[in-house]
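Have a look at the structure below, then the notes.
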Amino acid sequence: MSPPVRISEIGLYLRCPRLVYFQNLGSIAAAEDAGRILLRALMQSLSFAPSSEISEMDLYSLLYDSLSRLEQELPLVYKIDAAELRSACQDLTQEIQGISQHLVENLDLLLPCEVDVDLWSEKLGLSGRLDRLAWGAVPSIIRTGKAPEEGVWKKDRIMLSGYALILGEKENRHIDAGMVEYARAGLVRRIEIHGIDRARVLRIRDRVRQIKDGRLPDRPESAPCQGCLASEICQTRHSLASKFF
Ligand code: SF4
């Protein structure tokens, strides 16, 4: 039996199917970005429900203290450059006031929760590590990039549907809602999970399997090639294919 497709591979496929191929070949290594790791860890430092209502100022202090602690702890956990992490901490210190201002309104959606929850389904052939599982079995993913004006990005919606699928199989029911945390803006967007996206996840899972079996996908017209880690090898594969066919 083939190993389960990870939800992160579904995300990679949605960015560009060829990236799945090159990652599977071991031709690209995901770079550890200190700023992203720090921001995700900062959000995950919020996991216990507060005993009383929390103010924006309390949240600011909580995040500020976590930031100092993470600056010491993260280099022991991840291979990240200490100077890069220090600079990311300084940048984030300027941002936590804005983050607290928005996040305080949605904190009750997130807490209490478990973080970094490993999910796996043999039946679905899917696995993944969920950023947060909030009270009531609501899956939540943390994003460190820009938030859309409204709702969530398509890639986030489909990845969330993937986690909801695995979770639903474990709980023996449909998980109908999930959340995306756009951490830098302190926004929490709660969305419905639709059957069509669950079905998309399964279709993409099958394509990822084919790619991992060695099928090089076409280069999509809208692929985000600028600055892509695989651009050199991707161009070579493209040229070889054009030469022979
Ligand atoms: S260079 Fe473009 S087509 Fe090739 S893997 Fe990267 S994003 Fe995809």
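Order of listing sets the numbers, starting from 1, for every ligand and every atom in it. All residue numbers refer to positions in the sequence shown, counting from 1.
Counting all heavy atoms, side chain and backbone alike, Leu92 lies closest to Leu39 at CD1-CD1, 3.8 Å. Scanning both residues, Leu187 and Ala147, for their nearest heavy atoms gives CD1-CB, 4.1 Å.
The backbone N or O of Ser127 lies less than 3.5 Å from no partner atom in the side chain of Arg6, so there is not a single donor-acceptor pair.
Tested against Glu181, the residues Arg40, Gln44, Arg132, Arg143 include a single side chain to side chain donor-acceptor pair (under 3.5 Å) partner, Arg132.
Judged purely by distance below 3.5 Å, without hydrogens or angles, the side chains of Asp58 and Ser55 pair a donor atom with an acceptor atom.
Taking the charged nitrogens against the carboxylate oxygens, Asp197 and Arg200 do have a contact shorter than 4.0 Å, which makes a salt bridge.
Around atom 8 (Fe) of ligand 1, the protein contributes the following N, O or S atoms at distances under 2.8 Å: Cys16 SG.
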